[in-house]
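Structure first, commentary second.
Numbers restart at 1 for each chain; the letters A, B, ... are given by sequence-line order, proteins then strands. Computed from a prediction, not measured in an experiment: that's the story for all the values here.
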Amino acid sequence: MKLYNTLTQKKETFIPIEKGKVRMYACGPTVYNYFHIGNARPFIVFDVLRRFLEYTGYEVTFIQNFTDVDDKIINRSHEEGITPKEVSEKYIHEYFVDADALGIHRASAHPKVSEHIPEIIDMIKTLEEKGLAYNIDGNVYYHVDQFKAYGKLSKQSIDDLKSGARIDINDEKKSPLDFALWKKKKAGEPYWESPWGQGRPGWHIECSAMSKKLLGETIDIHGGGQDLIFPHHENEIAQSEGSCGKPFANYWVHNGYINIDNEKMSKSKGNFFTVRDIAKTFDLEAVRMFLLMAHYRSPVNFSKALLQQAATALERLYTAKYQMVFLLEKAANNMVSEAEKLWIATLDQYKKAFIETMEDDINTADAISVIFELVRDLNSSLDEHSSKPALLAGQTIFRELTDVLGLAVKDKETNLDAEVAALIEQRQAARKAKDFKRSDEIRDELLAKGIVLEDTREGVKWKKA
RNA sequence: GGCGCCAUAGCCAAGCGGUAAGGCAAAGGUCUGCAACACCUCCAUCCCCAGUUCGAUUCUGGGUGGCGCCUCCA
């Protein structure tokens, strides 16, 4: 397995700390709103990375946090007239609604900042003891100048960062690069007791503290969007490595942006589509398909038209999947022919090609093309004369590969309401009597109800539009 | 100013030293009462210029055109 490591700026062979096991952490959402598809990309990408690692035999512990203590949440609570806790609980719930629809598996754990305050305080204390943090009247800052490796992830020198930094007026920090580890309580904000007085943690410290608690001091993979490289991940390194003196993460994996008209989609720019909104017109699996059809590091432009392309492509996968189910239900032949035996033996090439391409820095675009090649093969090789074992072999390889990507996972709807079933019967009778006018009328009528009919050699089939 | 990314068919998108995967769309065909699905056929020399090489979309240099980070952001 090769992964592009932001730290070294090249693809590297992945070697876990502990043989057969992977510890990975990905930054999760700040839960103050529905998430947008820019947020969805890392969720999907790291879900696929995790699935693939598991597929290839690793035991993966995957942590994705919820940031539930944050300015944006506090603002939202004021706007909605509810407590910050109510805001975060609401959007954690909504996160799972959307994540489930996107086919994202639950992480091994979804830790919350609010439940790790003691660990956060401990880490800040350690940093203070090591001279890497300083307290000014209840606000504790990280002393960036004291951490020599600062900038190693974002490839910036402290001096360059300083020259590019915007100057805050009346800033009490020693350097514009210093960032808050602990923020002194302000009126109307949630707070916790600490050695520095009442207050709450800064943004970056949570990931360092929770990662350490749940995965240990050094982890295998840390992931997130490219926009987190600086300052968030740079700061995490400063905190984690500063406090324990060991490497924080061996592989830093970052996904590219989602753009609208070639410009980055972001909440601050306002040019974003929430996943919830897209769910009104598309099955969210199309979003997953859309994102996985491109390599995770390349920027992708988003539009409804492009999403429709992905949805149509996904449909092709489902057609093949359901066709095999259909044929299996009817298959009477259990005897595998010699020709089928030869064909079954060739299926392994798809699996090999799939794994090879996924092992090359999770090239899902290429992996999907392998699946489409498999689909063409299945469609042309399997028919009503195929034996059960041949059909099962096709179905197995198809499921195995699509499951790794989390695509085409849904089963066909089988319950048809009586009225529709009756209409289909009537249409069949009309067709038999060559009353095509009537049969076409019924077909149109069903289409209006969202039922698409297809007359095949093997009989009439229906599906939801 | 510092750091970094990208430019492949109508659209999307892999490949990254040996003469261009896949999807969507379009066109022609097979199947079908028609349609749909499926299948077959067809659709590019890879932004420009100069190097390196037997050979470059793929490496190097220079252009041109986009984009991102350096401030909250996935």
Side-chain angles (χ1 to χ4, degrees), chain A residues 6 9 26-30 35-46 70-72 151 154-157 159-166 168 176-177 179 203 223-232 234 254-259 261-269 272 289-290 293-295 297-301 303 305-320 322-323 353 357 360 363-376 378-383 431 434-437 439-440 443-444 447 452-458 460-463:
Chain A
T6 307
Q9 294 176 296
C27 295
T30 300
F35 63 87
H36 61 70
I37 74 160
N39 301 305
R41 172 118 94 149
F43 303 155
I44 291 168
V45 164
F46 296 110
D70 178 89
D71 288 342
K72 294 188 285 292
S154 53
K155 313 299 166 197
Q156 301 275 345
S157 71
D159 286 343
D160 288 339
L161 284 166
K162 274 185 184 164
S163 67
R166 287 151 218 211
D168 289 333
L177 297 182
F179 55 93
W203 172 39
Q226 279 172 356
D227 49 351
L228 292 184
I229 294 171
F230 191 91
H232 188 238
E234 196 69 72
H254 293 98
N255 61 274
Y257 298 120
I258 289 185
N259 299 146
D261 298 328
N262 278 320
E263 291 209 341
K264 181 182 163 186
M265 178 189 295
S266 68
K267 283 180 180 168
S268 56
K269 285 191 182 177
F272 65 91
M289 183 72 176
F290 169 70
M293 286 202 300
H295 184 88
R297 279 191 286 118
S298 37
V300 299
N301 252 319
S303 72
L306 260 16
L307 193 53
Q308 184 54 54
Q309 282 193 8
T312 308
L314 221 207
E315 192 57 34
R316 184 169 156 77
L317 260 34
Y318 272 111
T319 302
Y322 294 160
Q323 172 71 356
T357 194
D360 182 13
N363 193 337
T364 55
D366 232 355
I368 287 175
S369 81
V370 172
I371 291 177
F372 276 111
E373 283 166 6
L374 168 67
V375 162
R376 170 171 285 112
L378 295 172
N379 284 338
S380 44
S381 304
L382 298 171
D383 60 28
R431 289 185 69 216
K434 306 264 187 226
D435 182 357
F436 298 121
K437 184 166 174 287
S439 100
D440 288 350
R443 186 166 62 192
D444 290 344
L447 186 59
V452 178
L453 291 188
E454 293 174 1
D455 302 317
T456 72
R457 267 187 318 219
E458 307 101 21
V460 63
K461 291 188 193 173
W462 64 273
K463 65 178 181 185

Note to self: At 4.0 Å (heavy atoms only), tell me whether A:Tyr257 reaches a base, stays on the sugar-phosphate, or touches nothing.
What the structure shows: base
Notebook entry, point to check: Want to settle it: does A:Gln309 or A:Leu453 sit nearer the 5' end of RNA chain B, counting the closest nucleotide to each?
Noted result: A:Gln309
Margin query: Tell me the interatomic distance from A:Ile258, atom CD1, to B:G68, atom P, rounded to whole angstroms.
Written below: 15 Å
Next item on the list: With rounding to the nearest 0.5 Å, note down the distance linking CG in A:Leu307 to CD1 in A:Ile37.
Entry: 7.0 Å
Next item on the list: Give A:Lys72 one of three labels, base, sugar-phosphate or nothing, depending on what nucleic acid heavy atoms sit under 4.0 Å from its own.
Entry: sugar-phosphate
Next item on the list: Check whether the aromatic ring of A:Phe372 stacks on the base of B:G22, taking stacking as ring centres less than 5.5 Å apart and planes within 30° of each other.
Entry: no
Next item on the list: Using a 4.0 Å heavy-atom cut-off across all strands, classify A:Lys155 as base, sugar-phosphate, or nothing.
Entry: sugar-phosphate
Next item on the list: Would you indicate what A:Ile229 reaches in the nucleic acid, counting non-hydrogen atoms under 4.0 angstrom: base, sugar-phosphate, or nothing?
Entry: nothing
Next item on the list: Rounded to the nearest angstrom, tell me the gap between atom CG in A:Asn379 and atom P in B:C37.
Entry: 12 Å
Note to self: Need one value for A:Lys269: base, sugar-phosphate or nothing, where a base atom within 4.0 Å counts as base even if backbone is also close, heavy atoms only.
What the structure shows: sugar-phosphate
Check: What is the distance, rounded to the nearest whole Å, between atom CG of A:Asp366 and atom P of B:A21?
Finding: 12 Å
Margin query: Looking at A:Asp455 and A:Arg431, is any side-chain nitrogen of the basic one under 4.0 Å from a carboxylate oxygen of the acidic one?
Written below: yes
Checklist line | Distance, rounded to the nearest Å, where A:Asn255 contributes CG and B:C6 contributes C1' | finding: 16 Å
Next item on the list: Mind calculating the distance between CG (A:Asp159) and C1' (B:G1) to the nearest angstrom?
Entry: 13 Å
Notebook entry, point to check: B:A21 C1' sits how many Å from A:Glu373 CD, rounded?
Noted result: 6 Å
Notebook entry, point to check: Mapping A:Gln226 and A:Asn301 to their closest nucleotides on RNA chain B, which lands nearer the 5' end?
Noted result: A:Asn301
Margin query: Using whole Å, what does the distance between atom P of nucleotide B:U71 and atom NZ of A:Lys162 come to?
Written below: 13 Å
Notebook entry, point to check: Under 4.0 Å: is that the gap between some side-chain N or O of A:Arg431 and OP1 or OP2 of B:U32?
Noted result: no
Next item on the list: Would you indicate which nucleotide in B:A14, B:C37, B:A74 comes nearest to any side-chain atom of A:Ser298?
Entry: B:A14
Item checked: A:Arg316 side chain, from C-beta outward: closest of B:C11, B:A25, B:C39 -> B:C39
Checklist line | Sugar-phosphate, base or nothing in reach of A:Arg443, heavy atoms under 4.0 Å | finding: base
Next item on the list: Give me the ring orientation class for A:Phe35 and A:Phe43: parallel if the planes are under 30° apart, tilted from 30 to 60°, perpendicular past 60°.
Entry: perpendicular
Next item on the list: Could you tell me whether the side chain of A:Phe290 reaches within less than 4.5 Å of the side chain of A:Val300, counting heavy atoms only?
Entry: yes
Checklist line | Contact check, side chains of A:Gln226 and A:Lys264, non-hydrogen atoms, under 4.5 Å | finding: no
Check: When all nucleic acid strands are considered with a 4.0 Å heavy-atom cut-off, which category describes A:Gly38: base, sugar-phosphate, or nothing?
Finding: base
Item checked: Whole angstrom value for the distance that separates P of B:A36 from CG of A:Asp455 -> 12 Å
Next item on the list: Using a heavy-atom cut-off of under 4.0 Å over every strand shown, decide if A:Gly151 touches base, sugar-phosphate, or nothing.
Entry: nothing
Notebook entry, point to check: Out of B:A14, B:G68, B:C39, which nucleotide sits closest to the side chain of A:His295?
Noted result: B:A14
